[in-house]
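Here is the structure we will look at, set down as structure tokens.
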Amino acid sequence: MSNKPKDPSETGLRKGLTSYGDKGFSLFLRKAFIKGAGYTNSALDRPVIGIINTGSAYNPCHGNMPQLLEAVKRGVMLAGGLPMEFPTISIHESFAAPTSMYLRNLMSMDTEEMLRAQPMDAVVLIGGCDKTVPAQMMGAASAGLPAIQLITGSMLTGSHRSERVGACTDCRRYWGKFRAGEIDETEKDEVNDQLVASVGTCSVMGTASTMACISEALGMTVPGGATPPAVTADRIRVAEETGACAVKMAKEGLTIDKVLTADAFENAMRVLLAIGGSTNGIVHLAAIAGRMGLEIDLDALDKMGEETPVLVDLKPSGDHYMENFHDAGGMATLLRELKPLLKLDAMTVSGRTLGEEIDAAPPSFRQDVVRPFNKPIYPRGSIAVLHGNLAPGGAIIKQSAADENLMEHEGRAVVFENAADLANRIDSPELDVTAEDILVLKNIGPKGAPGMPEAGYIPIPMKLARAGVKDIVRISDGRMSGTAFGTIVLHVTPESAIGGPLAHVRNGDRIRLSVKNRELSLLISNEELAQRIKDNPITPPTAERGYKKLFLQTVTQADKGVDFDFLRAAKMVGKTPQSK
Ligand code: FES
């Protein structure tokens, strides 16, 4: 890369001067204020590297932020830059009501506008918990600066009565055992102490780990940036390297549009399929791509799945945890296996292509977490895209986490109108439900809840759970945590709250799910469906003021990433993936 910024008046502290009508005075004033913090002219003449601090007492997934900040600053200074740390909002999954997804776009706006407003030549985005990384990349993509992602890293696993446990697949598993009466109150409290054994993000292939791997596949982290756990020396070294890399990017003018290309998104989707990644990854990729003017082609993604096996043996699709993936060589091991399928010319933040980084990675060694291409953990990609009269805009299922026996299934609909209705009735002994039925939950889509909460993991009704039923087909317009497991159809588009066909499913209707045929059908005639739509017009939800009003007026559907319509690129320039 040699396209350096030409005009020195457009770099460092001189960038984006506050408007006082007199440029010279604006810079004079800015320097006077920053010198109040004790900076010298020599420091202020260096490339300025913004570092986003998303530490928060409400966000233990970012609990190593002080150590990361220190290491990034060290890297920036060793490379001759001036580190400037600043905050944005931070979002943790369990501390964000009604759901973290409701706030992702707000965080992306905060990120974008702070990158635009404050002078910096490059930015280090530090995020980890599920929505933070996509929010930061969405914001940075729109701001257009050189930007590099630093992941906080995964938590360590704990031990419960000699069994290794980690959030959050095991959280759900143990809660399921408690609901089924298999463990008592005392054991429930005991395991609660062990599920999150350190600061850091969830230790399985949930959304946070998925987005970490996707970030590296997109070329947005330094090589090896996805997998080191939060509390390890490797993670701190990655932070230092990230700081140094940001200075290089600033000097070379390696802006984010040179990294986030259609090829980069295709690599990210390939990796999403091969890691058995969270279904949320698709929504986030659609949102980030939308900022770059690219539409995600869901059908092309589905076709990619046919030639992309799941290779990473991590929970919930497999057996291991993120720390094992790191010990197995991390993303370098996986990318080496996927190499024939990757777009190797895609540029990365290091200034080298993905292919060059794969070639430069340390040699492979024996390990049992990343399978060889010809001995996969699951023969096809983890995610399948469904169509049919119930989901004209598509729906998805994580087939690698589903029960093989339920993937071709026809059953009677047991309908819940919304999350409150579900909470009221799901455990009622009077609920008319059998293991052959299909649970349908409406109104948990982007506008319905609002914010498309991870409520698509509908619990097994208590009476079935107590009878030993472990899985049942479930359908909704919501999302589910990447740590969840089951035959669960998600992201039904258009959602019920805006009048999608899902809104018109009734108790007792027959529904057919065929993953083989990529079909999700409500087994009523077109005439009957049209009549129901006519008889029951849906009024989309509204709000009187504030962020909720903005959200409900502008949020897009799942296939567009649930981004706000006015935040997507003004002009769409293409589709990704392009290979079919
Ligand atoms: Fe933060 Fe799972 S709760 S990554």
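One-based numbering, in listed order, for ligands and for the atoms of each.
Side chains of Thr493 and Gln557: a donor-acceptor N/O pair is absent below 3.5 angstrom, by distance only.
Residues that satisfy the ring-ring contact (aromatic ring centres under 6.0 Å, His included) test with His92, not counting sequence neighbours, are Phe95. Taking Tyr102 as the reference, Tyr547, Phe551 meet the ring-ring contact (aromatic ring centres under 6.0 Å, His included) condition, with sequence neighbours excluded.
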Show me the side-chain donor-acceptor pairs of residues 200-214 shorter than 3.5 Å, one per line, residues at least two apart or across chains.
from   : atom 1 : to     : atom 2 : distance (Å)
Thr201 : OG1    : Gly153 : O      : 3.1
Ser203 : OG     : Ala167 : O      : 3.2
Thr207 : OG1    : Ser278 : OG     : 2.9
Thr207 : OG1    : Asn280 : ND2    : 2.8
Ser209 : OG     : Cys202 : O      : 3.3
Ser209 : OG     : Val204 : O      : 2.6
Thr210 : OG1    : Gly206 : O      : 2.6
Thr210 : OG1    : Ser278 : N      : 2.9

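At a heavy-atom cutoff of 4.0 Å, ligand 1 is surrounded by Cys61, His92, Glu93, Cys129, Asp130, Thr201, Cys202, Ala208.
Once rounded to the nearest 0.5 Å, the distance linking CD1 of Ile51 with CD1 of Ile148 reads 11.5 Å.
For the pair Arg172 and Phe485, the cation does not sit on the ring face, since its NZ or CZ is not both under 6.0 Å from the ring centre and inside 45° of the axis.
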